[in-house]
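The structure is given below, and queries will be raised subsequently.
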Amino acid sequence: MKEVEILLVEDNPEDVELTLDALRGENISNKIEVVEDGEQALEFLYSEGKYSHRKMEYKPKLILLDLKLPKVSGIEVLKKIKSDSKLKKIPVVVLTSSSEEGDIVKTYELGVNSYIVKPVNSETFRKAIKELGLYWLLLNKYAE
Amino acid sequence: MKNNAFRGFLIRNPLLKDIIWIAFISVVYFIVGRLSMKLVLEPEDIATVWPASGIFLSALLLTKKNLRPYLALALFITDFIVESYSGSSFAMSIVYAFALTFDASLSAWILIRYLGEPIDFSKLKHLLSFIIISVIFTNALSATVAAAAPKIIYNLPYWHSWKWWWLSDGIGNLLITPFILSWASLKWNEARERNIKHFIEAMLLFLSMVIVNFYVLQNLSGNIHLASILNYLAFPFLVWAALRFGVRGVTVASIFLTANVLYFTLSGQTIINDTRVIFDSIIMVQIYIAIISVSSLIMASVIEERKQTQKVLHESAEKFRVVFEYSPVGKSITGLDGSLQTNKAFSDMLGYSEEEFQSIKWKEITHPDDIAESNEIIDSLIKGEYLTRSYEKRYLHKNGSIIFADVRTTLKRNEQDNPIFLITVVTDITERKKAEAEILRLNQVLEQRVIERTEQLETANKELESFSYSVSHDLRAPLRAIAGFTNKLSENYIHLLDEEGKRLTGIIIKNTNKMGQLIDDLLTFSRLGRKNMTVKRVDMQELFKETWEEIKTLYGRHIIKFKIHELPKAYGDPVLLKQVVLNLLTNAAKFTKYKDEAIIEVGIKMENGNNIYFVKDNGAGFNQQYSDKMFQVFQRLHSEKEFEGTGIGLAIVKRIINMHGGKVWAEGKENEGAVIYFDINQKEMEK
């Protein structure tokens, strides 16, 4: 079983596909786990529910988090991660459609590592995701 | 008509009028002088009474100032003629005429100087001054001169002549001057006011005097025992005249009595001729006349003065009554016992008649809750803590309704400083009170409405916020999908598409991008309304430069010359101003893209002490008549094909500048370029 490097929390299947498309070029798409809502994201991180077979020690290297999610919102997921000493070292990048200043401020207050507004333009979008993947998986140094 | 014509003629010829006046007086003087000669006793040529001297003085007092010397001269000559005509020697005539002229002139001069004009014998002060100056003093001086003539010429005893002259001249003045002056001052209107009864009474007085005097004098003359009684006979008539007809009546009565007594004395029938010495008898008559005249004149004068005072008092009281009664403001005089005397306005205000008020005490018309306060106010006035008090109180209308009033109460004290009554001025302010209450009620309603509206607005605002949030989030997601998958289609399935297919996918991608831009711009614009401003000092020059560096490469397909002048710093929100600068510069860059030599110039100009920033380009420009449209949302002056854009950029600029209390406007010409001006209200920002 491959180690999951990226946890993508995104409820919109099209966005999921486009994001995966963009990352595929970098050869990392097979190390991505996609969950559709905040609840699943937390289950994944805490190895609960359908992810109970997963070992919690294998933490993802990056979480891509949408804010507007069913059940548990992105903000709440972020809050949970950043307030848990076992999880808070994982870089979280908010990937959202919202460019509301309130959201930006709020997420940074909660300790988000980066905030990216998904561009509508497909070229720009692809470029942004690509660079994002490269940066966080290859360039960035992690605290173990 | 004739009379009026004559008067008009005199007015047009004032000199002639003066000459006629002097001639008239001279003639009168001549006639009176000739008649007075009947009263002259030999050998001194001195008259018993010399009425002409009274004429002389009266004429001087009645003549206007600048004419008096000529009148005096004329009468001097007339008197000389009268004297000479009656057989006096030249020297005697000259001396007498001089003495008389001197007497009258000096007398008139002192009187006018001391009392002022006109001399009014109904004033006691004027009368007494006249007696002392004209009757006693000045003719004593003239007697001193005149008595010398008989002494020198006939060697007659000096003091005898002096006394004779002094008395006759003095009595002449005493009888004639008050008579002429008081009757001359009678106004025609005043005379007409006297009724017929008054006239009949005067006739009755006159007749009874004539009958009684003639009867008594004729029947009792020579009777030594009764003579002394007869001396008093004049008094009842003079008192009657003084009481009922004033100074004018007394002067007439005195002259009549004098004439009567003189007639009987000179004809030898008098009561007083018992001494058989005519001179002594005459002197007694003169003294008698002097005493009764002076006494009765003083009495008349005192009575007239009192009448005058009463008249003034009455007028004053009447004036007060009218002012009080017909005042539009309510007034009342409140006795210390609580009784009321009110005017019409006040009784109308409370619905009572003035008669009803006479039996009402103030407490009965005062609202029960206000009685204590009113009592306290009255006490404070009585204690002398205040001279007057102003306050609001409630009265009770006869029908039971409440009358609100503005009240001012003043305490009136008598000469001993004891309180007598209260004067209260009352203004009805019931309507005003009602209006005030209504205003208060309306204000409360209004306030409530404002609160409700504010709540509604806040709710609407929140709804709008969540709306724009969902637009931001939900509208972009499908767009992204369209763009992304169309892109994928054009890349991965390019071999399946013909040229038309490729063109169509290109159009889809372009339009989704465009829509994305529109959504972003709209969000920016709507967010501005909710943004809290953070005002800081902003280096405008640096801001322009830095922004230009950021964007110049984006529009790098053509060469742009960027000129920036020195710009002052400004207070404003740095983030918002950055947006302004960004929009203005990108616009300028965009609209110059077809120019071979594009120039963008940023500078400043001063107007009315304001710094006005401008961004000028030599691009496509615009028609000046559409300059206002440029700043409205979605308003574009160029086709999408020529210049891409959403039509929101300048609307955002306008909104931000307005938030900074400033104005933004544009000047341009098609194909020659555009200038966008804006200013920032520094005073408002510094707050």
Side-chain angles (χ1 to χ4, degrees), chain A residues 8-25 29 34 36-38 64-70 73-78 94-108 115-133, chain B residues 461-462 464-493 505-534 554 573 575-576 578-579 644 646:
Chain A
L8 175 60
V9 192
E10 173 64 68
D11 64 324
N12 185 327
E14 283 86 19
D15 272 356
V16 172
E17 189 178 339
L18 289 172
T19 310
L20 293 180
D21 270 1
L23 290 172
R24 188 166 295 140
S29 61
V34 180
E36 285 171 11
D37 58 47
L64 295 175
L65 182 65
D66 192 9
L67 286 183
K68 210 180 171 206
L69 293 168
S73 80
I75 297 274
E76 280 169 81
V77 173
L78 180 65
V94 165
L95 203 57
T96 177
S97 297
S98 162
S99 54
E100 284 290 302
E101 210 174 278
D103 284 345
I104 300 171
V105 172
K106 181 89 190 175
T107 52
Y108 273 107
Y115 189 106
I116 286 164
V117 179
K118 286 182 249 181
V120 168
N121 187 308
S122 58
E123 300 253 356
T124 327
F125 180 80
R126 196 184 290 180
K127 206 175 152 210
I129 299 295
K130 228 182 247 181
E131 282 173 4
L132 180 73
Chain B
N461 229 3
K462 272 190 191 138
L464 204 68
E465 233 168 281
S466 67
F467 171 75
S468 69
Y469 186 87
S470 44
V471 166
S472 161
H473 197 274
D474 297 349
L475 227 53
R476 284 153 60 107
L479 259 186
R480 211 160 42 238
I482 296 169
F485 287 103
T486 314
N487 204 37
K488 211 169 155 184
L489 185 71
S490 71
E491 281 177 8
N492 300 353
Y493 299 90
T505 48
I507 290 173
I508 296 173
I509 291 169
K510 201 183 94 189
N511 275 285
T512 44
N513 288 344
K514 161 94 178 176
M515 186 148 181
Q517 190 61 46
L518 265 173
I519 292 173
D520 285 350
D521 284 357
L522 258 184
L523 280 172
T524 311
F525 184 71
S526 77
R527 255 204 309 273
L528 287 175
R530 288 175 280 136
K531 190 170 158 45
N532 291 321
M533 282 175 68
T534 320
L554 300 178
D573 185 314
V575 178
L576 292 177
K578 166 94 181 179
Q579 183 80 51
E644 71 288 0
T646 57

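Order of the sequence lines sets the chain letters (A, B, ...), proteins ahead of strands, with each chain counted from 1.
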- Message: Test your reading of the model: is there a side-chain donor-acceptor pair from Arg480(B) to the backbone of Glu14(A), 3.5 Å cut-off?
- Response: no
- Message: If you count heavy atoms of other groups shown closer than 6.0 angstrom to NZ of Lys106(A), is the number above 12?
- Response: no
- Query: Out of Gln517(B), Glu491(B), Met515(B), which one racks up the most heavy-atom pairs below 4.5 Å with chain A?
  - Reply: Glu491(B)
- Where do Asn513(B) and Ser122(A) come nearest, in terms of heavy atoms and distance? OD1-N, 4.2 Å
- Note on the structure: CG of Asp21(A) to CG of Asn487(B), rounded to nearest 0.5 Å, is 10.0 Å
- Message: Given heavy-atom pairs under 4.5 angstrom as the criterion, report whether the side chain, backbone, both or neither of Asp15(A) touches chain B.
- Response: side chain
- Query: Has Tyr108(A) got more than 12 heavy atoms of other residues, nucleotides or ligands less than 6.0 Å from its OH?
  - Reply: yes
